[in-house]
Number of protein chains: 2
Amino acid sequence: MAPGRLAISEGDPATDLFNVVRGSVKLYKLLPDGRRQVTGFLFPGDFLGIAFNDTYAYSAEAIESVQLCRFPRGKLESLLIELPKLERRLLGEAANELAAAQDQMLLLGRKTAQERVASFIVSLSRKAEKRKKPASPIALPMSRTDIADYLGLTTETVSRTLTQLRQAGLIATNRRNQVEILNSRGLNDLIDGGAGD
Amino acid sequence: MAPGRLAISEGDPATDLFNVVRGSVKLYKLLPDGRRQVTGFLFPGDFLGIAFNDTYAYSAEAIESVQLCRFPRGKLESLLIELPKLERRLLGEAANELAAAQDQMLLLGRKTAQERVASFIVSLSRKAEKRKKPASPIALPMSRTDIADYLGLTTETVSRTLTQLRQAGLIATNRRNQVEILNSRGLNDLIDGGAGD
DNA sequence: CGGATATTTGACGAATCTCAATAGGCGTGG
DNA sequence: CCACGCCTATTGAGATTCGTCAAATATCCG
């Protein structure tokens, strides 16, 4: 699936469940006037479309070229009955998403721009590690606009904040949209106001 | 359980699952320096402690005097095996929480103070309806501080915004922490920038 | 190499926060 | 039943962070 291609659309009937095989995906919700909130980024191994309601709660769009593994909802139902372990697995996935959502609420409601960007970088780094990838440098396949809409900021503020972090010697930015973590300790201190306040 | 009493604490082993029988509960996360994000309010019928991980992701505190129905985790496991329907029910609850969390991310990341407060009032009104209670007037059992920490604002901004909505003729405030919705249409227009922008 | 797009940087303004003071509500005790 | 005191909510004035608008620079790709 090509970059920019829509996988699912908010409000559509939730007919399928997907698993990301390759590439990355962004999830988002829109307001009528175009304001956008990116609610998450998905990477290989993540599930897409965990909606036990009738319709999807958000839209999903490919960032990089993406390969998805599709489970039609109907077959899923019977699969769940055959494989109770799968249901438990999905339940676990949902719980993880829920915990991530709560962290994100804390970020959006109470963190400063600097704390948000630092949190974002560290969070991507940790996710990369979980996928057995190096914790640094980490790729930022999404645009500044996507990051801004994820962090509740503007692209300008994201850009300025990255510059600050770079000037503070905490990170370095590669030309290939990669971020290298130079001072992991310092970055972690920033995340929840432990220092730098 | 008396108001202010802690039901579960962030990071504690997730030993129990609760159902709210009577009263209301707030869920929240804290930053080390005391900043707080309220991630949700629970009312009768809602589940508390849906954490399939080892530990709770947030703390929970009684707002009004609360009565909880407790399911020890161990018994729950066997219950789930006996009653697959319960597991499905929990899955549904988790999905609903997830959808609510995404709405809240949109609110925290992209809505103005006025839109946040209007959204909050309407959302409480809808929840009240689901519990077969009148859609107006609605009780606000939580303090202004709780509301502010839920909406990512300060108590002062919440207070000022309520005053604005009152002066605009959209709501009336009872002395008993109740809000009456005078102009439902107007309030709904505010929620996602449909008008008033 | 050149045009289009994305990112960075700059100057200014606005929404919200902070700090401070006032007013209102509620319980206790006279 | 009313007065006092405490706590919460409201209101006000000024500060600050972040957003807006605009321009410059970098990157991508044909």
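Proteins get letters first, then strands, A, B, ... in listed order; numbering begins at 1 in each.
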(message) So, applying side chain to side chain contact (heavy atoms under 4.5 Å, CB included) with A:Ile138, which one of A:Ile171, A:Val179, A:Val122, A:Asn177 is it?
(response) A:Val179
(message) Expressed as a whole number of angstroms, how long is the span from A:Arg176:CZ to D:dT27:P?
(response) 10 Å
(request) List in chain and number order the residues that pass salt bridge (Lys or Arg N to Asp or Glu O under 4.0 Å) with A:Glu129, two or more places apart in sequence or in another chain; answer none if no residue qualifies. (result) none
(request) Round to a whole Å and report the spacing from CD of A:Gln164 to C1' of C:dT8. (result) 13 Å
(request) In whole angstrom, give the distance that lies between atom CZ of A:Arg110 and atom P of D:dC18. (result) 13 Å
(message) I want to know whether A:Tyr150 and A:Phe120 have ring centres closer than 6.0 Å.
(response) yes
(message) I'd like to know if A:Arg166 and A:Glu180 make a salt bridge, using a cut-off of under 4.0 Å between side-chain N and carboxylate O.
(response) no
(request) Using whole Å, report how far CZ of A:Arg116 lies from C1' of D:dT17. (result) 11 Å
(message) Listing request: all salt bridge (Lys or Arg N to Asp or Glu O under 4.0 Å) pairs with a residue in residues 130-158 of chain A, at least two apart in sequence or in separate chains.
(response) A:Lys26-A:Asp146, A:Arg36-A:Asp146, A:Arg36-A:Asp149, A:Asp149-B:Arg110
(message) Output one letter per nucleotide in nucleotides 3-13 of chain D: B when a protein non-hydrogen atom lies under 4.0 Å from the base, S when only the sugar-phosphate is that close, - when neither is.
(response) ------SBBBB
(message) How many whole angstroms separate atom CZ of A:Arg175 from atom P of D:dC28?
(response) 10 Å
(message) Could you tell me how far apart A:Glu115 (CD) and D:dC18 (P) are, to the nearest whole angstrom?
(response) 9 Å
(message) Output the rounded distance in Å from CZ (A:Arg35) to P (D:dG19).
(response) 13 Å
(message) Given A:Leu42, which partner from the list A:Val25, A:Val66, A:Asn19 fulfils the side chain to side chain contact (heavy atoms under 4.5 Å, CB included) test?
(response) A:Val25
(request) To the nearest Å, give me how far apart CG (B:Leu108) and P (C:dT16) are. (result) 13 Å
